[in-house]
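A short write-up of the structure that comes next.
This is a predicted model, so every value here is computed, not measured.
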Amino acid sequence: MTMELRHLRTFLAIAEEGGITRAAGRLHTSQPAVSRTLRQLEQHLGVRLVDRSTHHLHLTDAGLAFRPRAEAAVAAADTAFDPHRMRARPLRLGHAWSALGDHTALLLRRWNGAHPDTPLQLLRVDDRTAGLTHGKVDAAVLRGRITAPRLRSVVLLTEPRVAAVPAVGPLARHPYLTLADLSDQVIAVNTVSGTTTLALWPAAVRPVESLTVANTDDWLATIAAGRAVGVTTTATAGIHPYPGITYRPLTDAADVPVLLAWNDPPDHPSIPDLAALAGEITREARREG
């Protein structure tokens, strides 16, 4: 049968609600209708998307792989059918943390001056691509290496890494630190949008214990509480001063590239203008600094 948007919306409702009953309530339809629509989608794709063996449903591996595709398709359709988009369509710029660092405010001011009819919306999305691959934003400021397919990117600048340590403690008394100085510590790792993993350390001095967090706010609170230390970039130190945390230069870790990324083809006609302005601002900063 012909697949429709309702098949994708039904699948996403099941994935987000964790059950047929709650998905039916959210969609204002019956449980049999939800089950039937899911079954039609699975038959069309030739794979099982949802594991129904427990009371609380879980996505299969195929379902997990299909979910971002469904989210992107629904987001694209919602954008296409939104009547407000035919008027002044904003340019959505995503970031997972710290945006463009100290250059963020200047980027927003200069964009507004040059493009008053196209608002630049800065959106924080806790995701490795800051919502770009899910259709939540049109472009994104990202840090580190990008592995997602069908993305174009340009490197705007690089940021030195710093260590984030509890303000009360021996590490905070050092003017700078090395990776080896942190090897006996618990490392706070943001597995959703961060750029640091234990693989940053050479094998000989690699920490053995990490503490997983899901966003920058939890990462900061964990370190301030003395439960762990962390590694980030200078942008975090500038944008996120935090009570109980001291930032120290990390002398032997490679800098982190900061990228502007967008889908190929672009989702917004003003993306080339954004890339040009962001590049201009960061080049000016390098000349001045």
Side-chain angles (χ1 to χ4, degrees), residues 5 8 67-159 192-195 215-216 233 235-236 238-239 255-288:
L5 272 177
L8 300 181
R67 182 173 182 174
R69 292 165 50 193
E71 289 174 336
V74 170
D78 288 343
T79 298
F81 291 127
D82 185 353
H84 297 290
R85 298 281 179 174
M86 299 304 294
R87 305 186 194 106
R89 179 186 171 189
L91 175 56
R92 303 167 299 169
L93 179 60
H95 71 107
W97 46 277
S98 298
L100 201 55
D102 294 340
H103 311 298
T104 304
L106 180 59
L107 175 67
L108 294 174
R109 287 199 303 269
R110 287 176 57 170
W111 178 270
N112 290 340
H115 305 275
D117 295 329
T118 306
L120 181 59
Q121 294 182 345
L122 189 64
L123 302 174
R124 173 177 159 181
V125 182
D126 290 318
D127 176 79
R128 184 67 190 92
T129 64
L132 187 57
T133 56
H134 293 166
K136 296 179 179 179
V137 298
D138 303 302
V141 177
L142 306 177
R143 287 172 170 81
R145 187 169 63 93
I146 300 177
T147 58
R150 297 183 296 277
L151 294 185
R152 292 189 60 188
S153 64
V154 59
V155 177
L156 298 176
L157 69 155
T158 59
E159 293 173 343
V192 175
S193 59
T195 59
N215 55 61
T216 300
T233 75
T236 305
I239 299 296
D255 292 351
V256 175
V258 180
L259 317 172
L260 181 69
W262 59 92
N263 287 306
D264 188 15
D267 296 327
H268 195 289
S270 295
I271 285 177
D273 294 330
L274 177 64
L277 179 59
E280 178 182 325
I281 289 173
T282 52
R283 285 193 299 272
E284 290 174 356
R286 285 196 295 273
R287 287 196 296 267
E288 294 173 0

Practice task
Using the test side-chain hydrogen bond (donor to acceptor under 3.5 Å, both in side chains), find all partners of D273 that sit at least two apart in sequence or belong to another chain.
Solution key: none
Handout entry: Sub-4.5 Å side-chain heavy-atom contact between L151 and D264
Key = no
Problem - Euclidean distance, L157 CG relative to R283 CZ, rounded to 0.5 Å - result: 12.0 Å
Practice task
To the nearest 0.5 angstrom, please state how far the CG atom of D126 sits from the CG atom of N215.
Solution key: 5.0 Å
Exercise for the section: Could you tell me whether the side chain of H134 and the main chain of K136 form a donor-acceptor pair under 3.5 Å? Expected result: no
Handout entry: Close side-chain approach of T104 and H95, heavy atoms under 4.5 Å
Key = no
Exercise for the section: Would you name the heavy atoms of I281 and L107 that are closest together and state the gap between them? Expected result: CD1-CA, 3.5 Å
Handout entry: Interatomic distance, S270 atom OG to D117 atom CG [nearest 0.5 angstrom]
Key = 10.0 Å
Fill in the blank from the handout: Note: T129 and A148 closest approach over all heavy atoms is CG2-CB, 4.1 Å
Problem - Flag, side chain of R150 to backbone of N263, donor-acceptor distance under 3.5 Å - result: no
Fill in the blank from the handout: Tested for side chain to side chain donor-acceptor pair (under 3.5 Å) against D138, the lone hit among Q121, H268, R89 is R89
Problem - Distance in Å, R143 CZ paired with R128 CZ, rounded so as to fall on 0.5 Å steps - result: 10.5 Å
Handout entry: Minimum heavy-atom distance between L8 and A73, given as atom pair plus value
Key = CD1-CB, 3.8 Å
Handout entry: Exceeds 12 heavy-atom contacts within 6.0 angstrom, atom CZ of R286
Key = yes
Problem - Short side-chain to backbone donor-acceptor contact, W97 and S193, under 3.5 Å - result: yes
Handout entry: Shortest non-hydrogen contact from P257 toward T158
Key = CA-CG2, 4.1 Å
Exercise for the section: Verify the neighbour count for atom CZ of R124: are there more than 12 heavy atoms of other residues, nucleotides or ligands below 6.0 Å? Expected result: yes
Practice task
Would you indicate whether D255, at its atom CG, is surrounded by more than 12 heavy atoms from other residues, nucleotides or ligands within a distance under 6.0 Å?
Solution key: yes
Handout entry: Rounded distance (nearest 0.5 Å) linking atom CG of L100 with atom CG of L93
Key = 8.0 Å
Completion exercise
Shortest non-hydrogen pair, L142 vs A261, comes out as CD1-CB, 3.8 Å
Exercise for the section: First locate atom CG of L132, then atom CH2 of W262, and finally report the distance between them rounded to the nearest 0.5 Å. Expected result: 10.5 Å
Practice task
Please name the pair of heavy atoms, one in L260 and one in A275, separated by the smallest distance, quoted to 0.1 Å.
Solution key: CD2-CA, 3.5 Å
Exercise for the section: Quick one: do H115 and L91 satisfy side-chain contact (heavy atoms from CB on, under 4.5 Å)? Show the steps, please. Expected result: CA-CA 10 Å; H115 305 275; L91 175 56; over 6 Å; no
Problem - P68 vs T133 side-chain heavy atoms within contact, under 4.5 Å - result: no
